[in-house]
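A quick write-up on the structure given underneath.
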Amino acid sequence: MKKILITGATGSIGKKLVQELTARGDEVIVFTRNPENAAKKLSTKIRIVKWEYERLTDWMIELNDVDTVIHLAGANLGANRWNENFKKLAYESRIISTRNLVGAIKLVEEKPKVFITSSAVGYYGNRYDEVLNENSSSGNDFLASLCRDWEKEAEKVESFGVRRVSIRTGLVLLKEEGLIKQLLLPFKLFVGGPLAGGKQWFPWIHIDDIIGIYIHAIDNENVTGGINGASPGIVRMKEFAKAFGKTLKRPALFPIPKFAMKIVTGELADYAVMSQRTSVEKIISTGYNFKFENLEAALRNLLK
């Protein structure tokens with residue numbers, strides 16, 4: 001049994017991760033700005049601590065003698081239309097919270113063995129057909145800069161002997177949420193299709209595998225540094241749309257142009273159509289076995 005502290009536990013990945021960890025017998029502590037909301041959404045088996053990430057307060061005591069800290073917190077990038085104010089919130093909620101968590105870990109006597117943070121394949125920017133491994137350079141756009149700065153803050157924990165893992169998550173596929181939820185209606189109405197032409201590489205991952213990678217990172221000391229959290233069965237967006245339609249027994253004939261997406265989401269549309277051809281050889285080399293390498297199998301599992 002491990003003692004594991006999680007921030008951002010009420011998000012899609014966080015909720016599933018809490019469920020899996022408590023099921024295997026780990027002791028889970030949740031840091032949250034809204035304890036009442038967390039209590040409604042999460043297991044009764046966990047302990048919930050009020051967390052104000054902007055400054056070091058009594059919450060830092062909870063970091064003493066935990067085995068693992070998993071930091072998922074940050075403003076939901078898909079929750080609002082992107083403008084300068086929202087981008088500032090997205091940036092600061094990740095950078096400041098990570099900086100203060102690392103600062104608190106430095107001060108506690110019994111430090112965690114591993115500090116695992118979320119990141120994103122957006123780290124790489126738009127790279128067309130280039131194969132991207134964890135040693136590839138970061139991009140220059142806002143999201144790439146956010147991910148790079150986020151990982152740099154997390155890296156500081158290594159200077160006082162804590163293993164650090166930053167999981168660069170791809171597009172997570174999960175039932176009735178996120179991308180699948182957004183695509184279901186147009187496909188069911190026979191007007192579904194690829195985004196922005198469909199030539200871009202689409203680094204998808206099944207929810208069970210991103211959770212599996214987090215748990216693998218907790219348990220395996222040879223998992224370190226940046227890790228691409230995507231499926232080895234990467235496809236182009238056009239192939240993804242075709243497989244999605246096939247699973248629903250619908251055509252995928254109506255591409256969704258980027259300008260139409262920008263009307264709804266603003267600048268976020270630019271990132272939704274970027275191409276990141278991610279390699280996952282690093283996580284496989286550490287012994288992780290993917291549950292869903294095949295896209296059609298993953299979609300059948302989620303859409304059945």
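All residue numbers refer to positions in the sequence shown, counting from 1.
Salt bridge K156/E153: present, at least one basic N to carboxylate O contact under 4.0 Å. Remark: D129 does not engage K199 in a salt bridge, criterion side-chain N to carboxylate O under 4.0 Å. Note on K2 versus D219: salt bridge recorded, some NZ/NE/NH1/NH2 to OD/OE distance being below 4.0 Å. A salt bridge between E62 and R47 is present, with a side-chain N of the basic residue lying under 4.0 Å from a carboxylate O of the acidic one. Between K282 and E134 there is no salt bridge, since no side-chain N of the basic residue sits under 4.0 Å from a carboxylate O of the acidic one. The pair E54-R33 meets the salt-bridge criterion, with a side-chain N (NZ, NE, NH1 or NH2) lying under 4.0 Å from an Asp/Glu carboxylate O. K88 has no carboxylate O lying under 4.0 Å from a charged side-chain N of E84, or vice versa, which leaves the two without a salt bridge. Under 4.0 Å is where a charged nitrogen must lie from a carboxylate oxygen, and between E177 and K175 no such pair does. Contact check on D208 versus K291 returns no salt bridge, with no Lys/Arg side-chain nitrogen under 4.0 Å from an Asp/Glu carboxylate oxygen.
Put simply, the side chain of L248 reaches to within 4.5 Å of the side chain of L184, judged on heavy atoms. I46 is listed as a side-chain neighbour of T22, based on a closest heavy-atom distance under 4.5 Å. Taking 4.5 Å as the limit, every side-chain heavy atom of L295 sits out of range of all side-chain heavy atoms of E239. Between I207 and L173 the shortest side-chain heavy-atom distance does not fall below 4.5 Å. I283 is listed as a side-chain neighbour of I213, based on a closest heavy-atom distance under 4.5 Å. At least one side-chain heavy atom of S118 sits less than 4.5 Å from a side-chain heavy atom of Y214. Contact check for V280 versus I234: no side-chain heavy atoms found under the 4.5 Å cut-off. Residues F31 and L5 form a side-chain contact, since some pair of their non-hydrogen atoms from C-beta on lies under 4.5 Å apart.
Residue L17 holds its CG atom at 6.5 Å from CG of L72, rounded to the nearest 0.5 Å. Here Y91 contributes atom OH and F142 contributes atom CZ; the two are 8.5 Å apart, rounded to the nearest 0.5 Å. A distance of 8.5 Å separates CG of D149 from OG of S138, quoted to the nearest 0.5 Å. We find the CD-CG distance between Q276 and L171 to be 8.5 Å, quoted to the nearest 0.5 Å. Here the CD1 atom belonging to I205 is positioned 4.0 Å from the CD1 atom belonging to I210, to the nearest 0.5 angstrom. Expressed to the nearest 0.5 Å, how far NZ of K246 lies from CZ of R300 amounts to 8.0 Å.
Summarising the local packing, NZ of K181 is surrounded by 12 or fewer heavy atoms from other residues, nucleotides or ligands at distances under 6.0 Å. A 6.0 Å sphere centred on NZ of K45 holds no more than 12 heavy atoms belonging to other residues, nucleotides or ligands. When the shell of 6.0 Å around CZ of R55 is examined, it contains 12 or fewer heavy atoms from other residues, nucleotides or ligands. More than 12 heavy atoms of other residues, nucleotides or ligands shown are found within 6.0 angstrom of NZ on K3. No more than 12 heavy atoms of other residues, nucleotides or ligands lie within 6.0 Å of NZ in K238, so this atom counts as exposed by the packing criterion. No more than 12 heavy atoms of other residues, nucleotides or ligands lie within 6.0 Å of CD in E281, so this atom counts as exposed by the packing criterion.
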ask   = Hey, mind stepping through H216 and T286 against side chain to side chain contact (heavy atoms under 4.5 Å, CB included) and telling me if it holds?
value = CA-CA 9 Å; H216 184 71; T286 68; 2.9 Å; yes

request  = Start with the C-alpha gap between I167 and T117, add the side-chain angles, then the distance that decides, and say whether side chain to side chain contact (heavy atoms under 4.5 Å, CB included) holds.
outcome  = CA-CA 6 Å; I167 298 176; T117 70; over 6 Å; no

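The distance between the ring centers of F292 and F290 does not fall below 6.0 angstrom.
Side-chain contact annotation: Y128 with R277, donor-acceptor N/O pair under 3.5 Å absent. A side-chain donor from one of T98 and H71 sits under 3.5 Å from a side-chain acceptor of the other. Judged purely by distance below 3.5 Å, without hydrogens or angles, the side chains of D209 and Y288 pair a donor atom with an acceptor atom. Side-chain atoms of S166 and R164 include a donor-acceptor pair closer than 3.5 Å. Between the side chains of T278 and R127, not a single donor N or O lies within less than 3.5 Å of an accepting N or O.
The backbone N or O of N222 sits nowhere less than 3.5 Å from a side-chain atom of N220 that would complete a donor-acceptor pair. Counting only distance, with no hydrogens or angles, the side chain of S93 and the backbone of A75 share a donor-acceptor pair below 3.5 Å. In this structure, W204 contributes its side chain and G233 its backbone to a donor-acceptor pair below 3.5 Å. Between the side chain of W51 and the backbone N or O of T7 there is no donor-acceptor pair closer than 3.5 Å. Using a distance-only test at 3.5 Å, with no hydrogens or angles considered, a donor-acceptor pair links the side chain of N64 to the main chain of E109. Of the possible polar contacts, one joining the N228 side chain to the S279 backbone as a donor-acceptor pair under 3.5 Å is found. Although no hydrogens or angles enter the test, the distance criterion places no donor-acceptor pair under 3.5 Å between the side chain of K113 and the main chain of R163. N126 contributes a side-chain N or O that, together with a main-chain N or O of S275, makes up a donor-acceptor pair within less than 3.5 Å. A side-chain donor-acceptor contact under 3.5 Å links N83 to the backbone of N85.
Under the side-chain hydrogen bond (donor to acceptor under 3.5 Å, both in side chains) criterion, H206 pairs with N301, not counting sequence neighbours. Shown here are the side-chain hydrogen bond (donor to acceptor under 3.5 Å, both in side chains) partners of E27, two or more places apart in sequence or in another chain: there are none.
In this pair, F202 and F240 present their aromatic rings tilted. The plane angle is within the 30 to 60° band.
Neither W150 nor V102 shares a network with the other; the hydrophobic side chains, linked directly or stepwise wherever heavy atoms of I, L, V, M, F, W or Y lie under 4.5 Å apart, form separate groups for each. Residues L21 and I29 do not share a hydrophobic cluster, defined by chaining ILVMFWY side chains whose heavy atoms lie under 4.5 Å apart.
Within the structure, ring-ring contact (aromatic ring centres under 6.0 Å, His included) contacts touching residues 159-191 (residues at least two apart or in different chains) are F187-F244.
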